[in-house]
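Right, one structure below, let's go through it.
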2 protein chains.
Amino acid sequence: MNDSRPIRAKSGTNHEGTSAHNRRVMIDALRINGALSRADLARATWLTKQTVSNIIVELEHDGLVGPQEAVRKGRGQPSTPYGLVPEGAFAIGLQIDRHVTRAVAVDLVGSVLVREEAGLPPGGPSTGTKVILDLVAGVRSKLAGVVRQSEKRLVGLGVAMPGPFGVDGSGDDPWMMAAWQQFPLLETLAAGTGLDVGLQNDAAAAATAERMVGAAHGLDHAVCLFVGYGIGAGLILNGELYGGANGNAGEIGMALLFADGKSTPLEHRASLASLYQHLSLDPADPALHARIDDLLSRNDRGIQAWIEAAAADLRWSIHLIETVFDPQTVILCGSAPEALVERLIAAIGPLLPSIAERRGRTLPRLQPGMADPWSVALGAAAGPISRAFDPRFAAILKDSL
Amino acid sequence: MNDSRPIRAKSGTNHEGTSAHNRRVMIDALRINGALSRADLARATWLTKQTVSNIIVELEHDGLVGPQEAVRKGRGQPSTPYGLVPEGAFAIGLQIDRHVTRAVAVDLVGSVLVREEAGLPPGGPSTGTKVILDLVAGVRSKLAGVVRQSEKRLVGLGVAMPGPFGVDGSGDDPWMMAAWQQFPLLETLAAGTGLDVGLQNDAAAAATAERMVGAAHGLDHAVCLFVGYGIGAGLILNGELYGGANGNAGEIGMALLFADGKSTPLEHRASLASLYQHLSLDPADPALHARIDDLLSRNDRGIQAWIEAAAADLRWSIHLIETVFDPQTVILCGSAPEALVERLIAAIGPLLPSIAERRGRTLPRLQPGMADPWSVALGAAAGPISRAFDPRFAAILKDSL
DNA sequence: CTTATTAAGTCAAATGTATTGACTTAATAG
DNA sequence: CTATTAAGTCAATACATTTGACTTAATAAG
């Protein structure tokens, strides 16, 4: 008689969900358009003037938005634009990479206020956890020194590290990131910091950053192709980061290419790891970026050869991304020297034909994104901000508390 | 002073949006789990018993759900399960293919009640429009003969045809589907039928069908690889069909493969069109499927060779889909003879390694889906049903009326 | 300079949904 | 036979948006 297979259903919603959504819509509108009057917000969101006024009062009370000077524009009472208050919220972003870990503190509009990095000793979580917790604590206290009350307005800690997560036999990475995969990182960090902790792979983090302050700002369908030690794609679909069933969507580094009868993961051909190997560079060298910049400026043959080979693979990856996702634009970014990304983009063009070729395009098919060692940490921090303030289906539902 | 670049913002929501969502959640829960008591619904949806009762009263009044016999299960008052009423809603689905057009009428639970097909004369829309409108009218009147009041409960007309839509230079298809692309089909059909009309490519339609009554039932992350005259992928992401920025997401037929230094669209190698060409079959032959079944049963060498070549490309496509989307499962379906799909699946296995290999998998990585000439028309009809009754973010918003 | 017009924004009452807590109904366990 | 458990209802309440009238403050027109 115990017929208890669990019942699967989506969550319902109620007034609080409605209100939460409308607040997020306001914040989103101000983020995309800059400061807006309440009348403009009402028109844009389909809500009534009264509702908008009520919500703005609340948001102002919460310190998230503030009025600017009244604007006269033609007849009628001047409007009072409201804009986001950068100090309205903060988040900590943490990047855990192979040899280094970086932490940043960002505010509501995505400005980086504090940044710190530390070398990550080999040995995995056993030795690394303390380094990381100290780094986060350091950034936090520095932030508290820069702005008062920052602790109260801290919405969470976002972590970015190379994926994929939870996959069998991902131990073929010679580096010991595998050890981190086993380790209960989120729980440890949550316990050690008292913050809400979220996890993304680094391509997803890069995409989150591009959406908040970069080339994907205001876009609902964009793919960030991220060239780092590995390679991955961060997916913005329907205005939200898409993670797939297990958070591993976009992990294209493991995609197998077939050429000359052999199969190779994309990662082995188009990633900084492959560049380092190609040029016999030491990934742990602190002057790595300077060294690469030097090679680029000297038009070194070795790096040029790598760029051309990688560009061919990237050209095809972009073609596939366009074909599969039909995005508004593709953004090429990376934790690589900016000059390298520029050279890659130059070498990639012209793009392969695809469904992205359509009349009335306004955005370029391929755009450069951030190429900055700190962009992943920024994206990691953007995660909690986005989760707390961007309109999302899940935020309406009762089971999101 | 005219600073009027348009303001971009997402729509807000209100009580009606809440209510609409909760109704959809109920219907969805009953679709996935079968009949449920109001108490079960309340627990599963996080709503209160009272709210669920109120909504069920409304849905029953609207003829969408109905009570079943009370069930005693242990102590306490017996529960009254409510289930979907199949006759609660209907939709017409229309498939426009190269040589043929098919129309079906389906009910709320996805049962096909009426089906009719007609040959599509060459000449494109100028001659085809009348054939199509007659076919739809025929199905509609047959439906009215089978169930009373069907017209009142008709939620729309869903159209499926080969994509992609609105792309430059899609005229390299020798067949004249291009002419259909230019034609204002939706407007013509809306005017000619008085129904709401929606459009999908045929892979998306197949995915919609699989989600309503097939292998993707109850799944929120699934990809349907659809082998038809062309090849495409229908994407179920976050429980909704994903169309991309322009409705062309998943149009992988145009994906270029590189082998032997040449590039070929996937469609030229793994699609029925390629099979027909390989075997010199006439795509317009009405006995095509029987002929293929015959070749299969005779283990014909030519078809065997095609199967092995196509399977290699499909194996790699599935690998790529798993890598990029991280779905719960991949479904292989098609408007091909069922035996052919079975043989393809057999020839595809074993799958390439990918991030889909993880501990705790419950679903197979690859599953067979519908292989039925009518599945696209069914999916076309499932479109309006899904749009009307499935929980979706857009359905909450004010700008969805 | 005066008046009409336009637009932003507020006020107070009304509306629509979900929630709350007490209550009723109806079964089984002991 | 009684206690217990669970489904479901009733009536009042809470919460967020909406409505329509009103106020404020500017420019345009005569």
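A, B, ... follow the sequence lines: proteins, then strands. Residue 1 opens every chain. Just so it is clear, the values below take in all heavy atoms, side chains as well, and ignore hydrogens, waters and symmetry mates.
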*Any N/O donor-acceptor pair, A/Glu16 side-chain to D/dC15 base, under 3.5 Å*: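 Per atom types, no contact qualifies.
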*Kindly indicate whether the side chain of A/His15 and the base of C/dA18 share any N or O donor-acceptor pair separated by less than 3.5 Å?*
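Looking at the base of C/dA18, it does not pair with any donor or acceptor on the side chain of A/His15 (distance under 3.5 Å).
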Using a 4.0 Å heavy-atom cut-off across all strands, classify [X] as base, sugar-phosphate, or nothing.
X: A/Arg43; value: sugar-phosphate
X: B/Ser53; value: sugar-phosphate
X: B/Thr51; value: base

So, OP1 or OP2 of [N]: does either fall under 4.0 Å of a side-chain N or O from [X]?
X: A/Asn22; N: D/dA16; value: no
X: A/Thr48; N: D/dT18; value: yes
X: B/Lys398; N: D/dT18; value: yes
X: A/Asn14; N: C/dT19; value: yes
X: B/Arg38; N: D/dT9; value: yes

*Take the angle between the ring planes of A/His21 and B/Phe393 and call it parallel below 30°, perpendicular above 60°, tilted in between.*
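A/His21 vs B/Phe393 ring planes: perpendicular.
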*Should the pair A/His15 and B/His15 be assigned to parallel (<30°), tilted (30 to 60°) or perpendicular (>60°) ring geometry?*
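Answer is perpendicular, since the angle exceeds 60°.
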Rounded to whole angstroms, how far apart are [atom1] on [X] and [atom2] on [N]?
X: A/Met26; N: D/dA16; atom1: CE; atom2: C1'; result: 12 Å
X: A/Lys49; N: D/dT23; atom1: NZ; atom2: C1'; result: 11 Å
X: B/Gln77; N: D/dA6; atom1: CD; atom2: P; result: 13 Å
X: A/Trp46; N: D/dA16; atom1: CH2; atom2: C1'; result: 20 Å
X: B/Ile56; N: D/dT9; atom1: CD1; atom2: C1'; result: 15 Å
X: A/Gln50; N: C/dG16; atom1: CD; atom2: P; result: 18 Å
X: A/Ile55; N: D/dT18; atom1: CD1; atom2: P; result: 9 Å
X: B/Asn54; N: D/dC10; atom1: CG; atom2: C1'; result: 11 Å

Between [options], which nucleotide has the shortest distance from any of its atoms to the side chain of [X]?
X: B/Arg72; options: C/dA27, D/dT27, D/dT17; answer: C/dA27
X: B/Arg75; options: C/dT25, D/dG8, C/dA27; answer: C/dA27
X: B/Ala39; options: C/dG9, D/dA7, D/dT18; answer: D/dA7

*Between A/Leu41 and A/Met26, what is the shortest heavy-atom contact and its length?*
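For A/Leu41 and A/Met26, the tightest heavy-atom pair comes out as CD1-SD, 4.0 Å.
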_Using every non-hydrogen atom in the two residues, find where A/Gly383 and A/Thr208 come nearest and quote the distance to one decimal._
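That closest heavy-atom pairing would be N-CG2, 3.8 Å.
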_Spacing of CG belonging to A/Asp40 relative to OH belonging to A/Tyr82, to within rounding of 0.5 Å_ =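 Rounded to the nearest 0.5 Å, the CG-OH separation comes out at 13.5 Å.
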_Just by distance, no angles: are the side chains of A/Asn54 and A/Glu58 close enough, under 3.5 Å, to form a donor-acceptor pair?_
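No - no donor-acceptor pair under 3.5 Å links their side chains.
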*Quick one: on DNA chain C, does A/Asp40 or B/Ala20 contact a more 5' nucleotide (nearest heavy atom)?*
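Counting from the 5' end, the first nearest nucleotide belongs to A/Asp40.
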*Whichever of B/Thr80 and B/Gly76 has its nearest DNA chain D nucleotide further upstream toward 5'*: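 Looking at DNA chain D, the more 5' nearest nucleotide goes with B/Gly76.
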